[in-house]
*Asks:* 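Encoded as structure tokens, here's the structure I'll be asking about.
These numbers come from the heavy atoms of this one structure, side chains and all, not from hydrogens, waters or symmetry mates.
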Amino acid sequence: MARVIAVCNQKGGVGKTTTATNLAAYLARMGKKVLLLDFDPQSNASSGLGHEIRSGEGRSIYEGVIGKKSIFEVIRPSSAPGLDFVPGHPNLAGATIELLNQQQREYYLEKFMKPALYLYDYILIDLPPSVSLLTINGLVAAHEVLIPVQCEYYGLEGLGQILETVDMINHNLGRNIKVAGALLTMYDSREQLSREVARELRRHFVGHVYEVEIPRAIALAEAPSFSKPICLYDPESIGARAYERLAREVIAQEK
């Protein structure tokens, strides 16, 4: 059965989608069968993999979650061998309203995803940077959550908020979502602030912090505009090497 990991932080601009896309690509590069679910109305993970929203009208995760399509009707292959994805769509923003009065409204994504659980080694879910019914659906569908933390003090506050949300879901919905780890992003070893945030996180976070720090890197910012993950755009860059290390750490957690 797939290991289902939600990549989530309620604070925006922390490298969440960059992490979901590039971690998925490197897991696939290491021989894993990977599915990336783009559950963010901004759909940046999809565009970063070369998907055009207009070309996929009617065949996105939105249609799947509201019950119009099965997961097998909306899965698409990416340019990275071994990595498939389900594209997002701006209509997801309206799904929150559509599901609001439905019974079991927190379980729609889990129900949609369930038929594919035994076809993949990893399913990664890219969630929106907010607390919404979409976020709750994504966390309920996941076994674990990976939390990108930007190297600034507001980033530490975002970490606390998502941990509270996970605890709330576990307590109120009877789930057992585990924290796979916190990931330091936009790290610059030359900046004192980055070093201090990394030190504070490793000192006080009761849980796993990945050893690798994801650096600020031009190639990571450029890659989505070329519709490629970093492993295809610039595999020798420092950003690529960092995400390769992250994928190895994630795989090592299986043991």
*Asks:* Identify the two heavy atoms, one from Met186 and one from Gly15, that lie closest to each other, and give their separation to 0.1 Å.
*Replies:*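 Scanning both residues completely, I find the closest heavy atoms to be CE-N, 3.7 Å.
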*Asks:* Could you give me the CA-CA distance, side-chain angles and deciding distance for Thr17 and Asp126, then say whether side-chain hydrogen bond (donor to acceptor under 3.5 Å, both in side chains) is met?
*Replies:* CA-CA 6 Å; Thr17 297; Asp126 184 29; 2.9 Å; yes
*Asks:* Give a yes or no on this: more than 12 heavy atoms of other residues, nucleotides or ligands lie within 6.0 Å of atom CD of Glu73.
*Replies:* yes
*Asks:* Set out, in order, the CA-CA distance, both residues' side-chain angles and the distance that settles side chain to side chain contact (heavy atoms under 4.5 Å, CB included) for Leu23 and Tyr122, then state yes or no.
*Replies:* CA-CA 11 Å; Leu23 173 59; Tyr122 285 86; over 6 Å; no
*Asks:* Considering residues, nucleotides and ligands other than Ile218, do more than 12 of their heavy atoms fall under 6.0 Å from its CD1?
*Replies:* no
*Asks:* May I ask you to decide if Val140's main-chain N or O and Glu106's side chain share a donor-acceptor pair within less than 3.5 Å?
*Replies:* no
*Asks:* Assess the side chains of Glu249 and Gln253: does a donor N or O sit below 3.5 Å from an acceptor N or O?
*Replies:*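 No.
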*Asks:* Is the NE2 atom of His204 crowded by more than 12 outside heavy atoms at less than 6.0 Å?
*Replies:*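 Yes, the 6.0 Å shell around NE2 holds more than 12 heavy atoms from other groups.
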*Asks:* Can you confirm whether Leu83 sits close enough to Leu49 that some side-chain heavy atom of one is under 4.5 Å from a side-chain heavy atom of the other?
*Replies:*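 Of all side-chain heavy-atom pairs linking Leu49 with Leu83, at least one is under 4.5 Å.
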*Asks:* More than 12 foreign heavy atoms under 6.0 Å from NZ of Lys178: is that the case here?
*Replies:* no
*Asks:* Do Ser46 and Asp38 have a side chain donor and acceptor closer than 3.5 Å?
*Replies:*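 Per modelled atom types, Ser46 and Asp38 side chains form a pair under 3.5 Å.
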*Asks:* For residues 230-241, please give each side-chain donor-acceptor pair under 3.5 Å, one per line with the distance, not counting sequence neighbours.
*Replies:*
from   : atom 1 : to     : atom 2 : distance (Å)
Tyr233 : OH     : Glu222 : OE1    : 2.7
Ser237 : OG     : Asp234 : O      : 2.8
Ser237 : OG     : Ala240 : N      : 3.2
Arg241 : NH1    : Glu236 : O      : 2.5

*Asks:* With side chain to side chain contact (heavy atoms under 4.5 Å, CB included) as the criterion, how do Ile147 and Val14 come out once you've worked through the C-alpha distance, each side chain's angles and the decisive distance to 0.1 Å?
*Replies:* CA-CA 9 Å; Ile147 310 168; Val14 300; over 6 Å; no
*Asks:* Below 4.5 Å, heavy atoms only, C-beta onward: do Leu183 and Thr185 meet side chain to side chain?
*Replies:*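 They are in contact (side-chain heavy atoms under 4.5 Å apart), so the answer is yes.
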*Asks:* For Tyr26 and Thr21: C-alpha separation, side-chain torsions, deciding distance, then whether side chain to side chain contact (heavy atoms under 4.5 Å, CB included) applies.
*Replies:* CA-CA 9 Å; Tyr26 268 109; Thr21 304; over 6 Å; no
*Asks:* Would you check if there is a donor-acceptor pair between the side chains of Ser194 and Asp188 at a distance under 3.5 Å?
*Replies:* no
*Asks:* Are side-chain N/O atoms of Tyr243 and Thr19 paired as donor and acceptor at under 3.5 Å?
*Replies:*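 Side chains of Tyr243 and Thr19: pair found under 3.5 Å.
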*Asks:* I'd like to know if the side chain of Glu200 and the backbone of Val197 have a donor-acceptor N/O pair within less than 3.5 Å.
*Replies:* no
*Asks:* What closest approach, in Å, do Ser79 and Ser227 show between heavy atoms, and which atom pair accounts for it?
*Replies:*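 Ser79 and Ser227 have their closest heavy atoms at OG-O, 4.3 Å.
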*Asks:* Return a table of donor-acceptor pairs under 3.5 angstrom between the side chains of residues 96-104 and protein atoms on other chains or two or more places apart.
*Replies:*
from  : atom 1 : to    : atom 2 : distance (Å)
Glu98 : OE1    : Tyr62 : OH     : 3.2
Glu98 : OE2    : Tyr62 : OH     : 2.6

*Asks:* Looking at Phe72, I want to see if its CZ is surrounded by more than 12 non-hydrogen atoms of other residues, nucleotides or ligands under 6.0 Å.
*Replies:*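 Count over threshold, so yes.
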*Asks:* Do you know which two heavy atoms are closest between Ala6 and Gly138, and how far apart they sit?
*Replies:*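 Ala6 and Gly138 have their closest heavy atoms at CB-O, 4.2 Å.
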*Asks:* Hey, could you give me the CZ/CD distance between Phe112 and Glu63, rounded to the nearest 0.5 Å?
*Replies:*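 So the gap between those two atoms works out to 9.5 Å.
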*Asks:* For Arg248 and Glu244, run salt bridge (charged side-chain N to carboxylate O under 4.0 Å, His left out): C-alpha distance rounded to whole Å, both residues' side-chain angles, the deciding distance at 0.1 Å, then the answer.
*Replies:* CA-CA 6 Å; Arg248 295 190 187 280; Glu244 182 178 14; 3.2 Å; yes
*Asks:* Quick one: do Glu110 and Arg175 satisfy salt bridge (charged side-chain N to carboxylate O under 4.0 Å, His left out)? Show the steps, please.
*Replies:* CA-CA 12 Å; Glu110 182 181 51; Arg175 312 302 286 187; 2.5 Å; yes
*Asks:* What is the minimum heavy-atom distance between Leu127 and Thr135, and which atoms define it?
*Replies:*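 Answer, listing the atom of Leu127 first, then Thr135: CD1-O, 3.9 Å.
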*Asks:* Using a cut-off of 6.0 Å, state whether more than 12 heavy atoms not belonging to Lys32 lie near its atom NZ.
*Replies:* yes
